[in-house]
Amino acid sequence: MGSATMANSVGTIDRSMVEQIVRQVALEYLGRTRKGNVPELVVQASSRHMHVCREDMDILFGPGAELTFDRDLYQEGNFAAKETVTIVGPRGRIISNLRILGPMRKESQVELAFTDGIMLGFSDLPVRLSGDIANTPGAVIIGPKGVVELKRGVIRAAIHVHMSPADAAYYGVTEKDRMKLRVGGPAGLTFNNVHVRIGANYRLNVHMDTDEANACGLHLTKDVELSK
Ligand SMILES: [Zn+2]
C-alpha cells in the first residue's frame with residue numbers, strides 16, 4: 001500500500017510541484033552559500049617553542065646573531081627559525097631541540113605543553129596568553145654560544161584564537177572575550193575558554209598546544225566550529 005501511494009505521488013507530480021521543488025533546492029543552496037561565507041577557520045597545534053629577545057639571542061648565538069628563516073607560520077610575519085636551544089628544568093631534566101620562533105620579541109618566553117612541563121619537572125605551569133609572563137617560572141636555556149638563566153617566562157600557552165576586526169564583528173566578540181571551539185570527529189570535544197586576540201593583520205586561526213590537540217584528536221577531523 002505504501003508503495004502504491006508513492007507511485008501515485010510520483011505519478012501526479014505536475015509543473016507547479018516541480019517549480020516548488022526547484023525553489024526549495026535553490027533556497028537550500030543559498031543557505032549553504034551563506035554558510036560558506038563563514039570565515040575560514042584554521043585550527044593548529046603549536047609544538048613547544050621559544051621566543052627570544054635581542055639580548056638573549058646575543059648570549060645564546062653570539063653578539064649580533066640573527067634568526068635564520070626556516071618556514072612561514074600561518075600568521076603573517078611569524079616564522080619558524082632554524083635555531084634551536086636546550087631547556088633545563090628545575091630538576092636538571094632537559095629538552096633539546098627546542099625550536100625558536102621569530103621574529104625576536106621584547107622578552108624571552110618558552111611555551112610548553114603540560115606534559116612537556118612534567119617532563120622537565122614543572123609541576124604546575126601557569127596557563128597564560130603569550131606575553132603575560134609576570135610570576136611565571138624561569139629556566140636555564142643553553143645555546144651553541146652561551147647559557148641564559150631566564151628569571152621568568154616559562155608558560156603553558158592558553159588556547160586562543162587570532163582574528164581580524166572583521167572576523168570579530170562577524171562573531172560579535174571583542175578582545176579578551178572567550179569563545180567555544182567544538183572539534184568533531186571520533187575523539188571530539190569542545191573547548192570553552194578560547195581567548196580572543198584581535199589584530200589588524202590576523203588570520204582566523206586557533207592555536208592550541210599539543211596536549212590539547214592530542215586530547216581532541218585534531219589530526220582526525222576537519223570538523224571544527226567556533227562560537228560565542
Ligand atoms: Zn597564537
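First listed ligand is number 1; within each ligand, the first listed atom is number 1. Start at 1 with the first residue, then count along the sequence.
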For this session: Give a yes or no on whether a salt bridge exists between E149 and K151, defined as a side-chain N under 4.0 angstrom from a carboxylate O.
Result: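 Looking at E149 and K151, the cut-off is met.
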Exercise. If waters are left out, how many protein N/O/S atoms lie within less than 2.8 Å of the Zn ion (ligand 1)?
Worked result: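 Atoms of protein N, O or S type lying less than 2.8 Å from the Zn ion (ligand 1) total 3.
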Problem set entry | E111 versus S130, side-chain donor and acceptor atoms under 3.5 Å |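 Yes, because at least one side-chain N or O of S130 sits under 3.5 Å from a partner of the opposite role on E111.
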Problem set entry | Basic-acidic side-chain contact under 4.0 Å: R152, E107 |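 Yes, R152 and E107 are salt-bridged.
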For this session: Ignoring hydrogens and angles, state whether a donor on the side chain of N193 or H195 is under 3.5 Å from an acceptor on the partner side chain.
Result: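 Not at all, the side chains of N193 and H195 share no donor-acceptor pair under 3.5 Å.
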Exercise. With hydrophobic residues grouped by side-chain heavy-atom distances under 4.5 Å, do L150 and I133 end up in a single group?
Worked result: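 Shared cluster, no.
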Problem set entry | salt_bridge(E66, R54) N-O dist < 4.0 Å |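 Counted as a salt bridge, because a side-chain N and a carboxylate O are separated by less than 4.0 Å.
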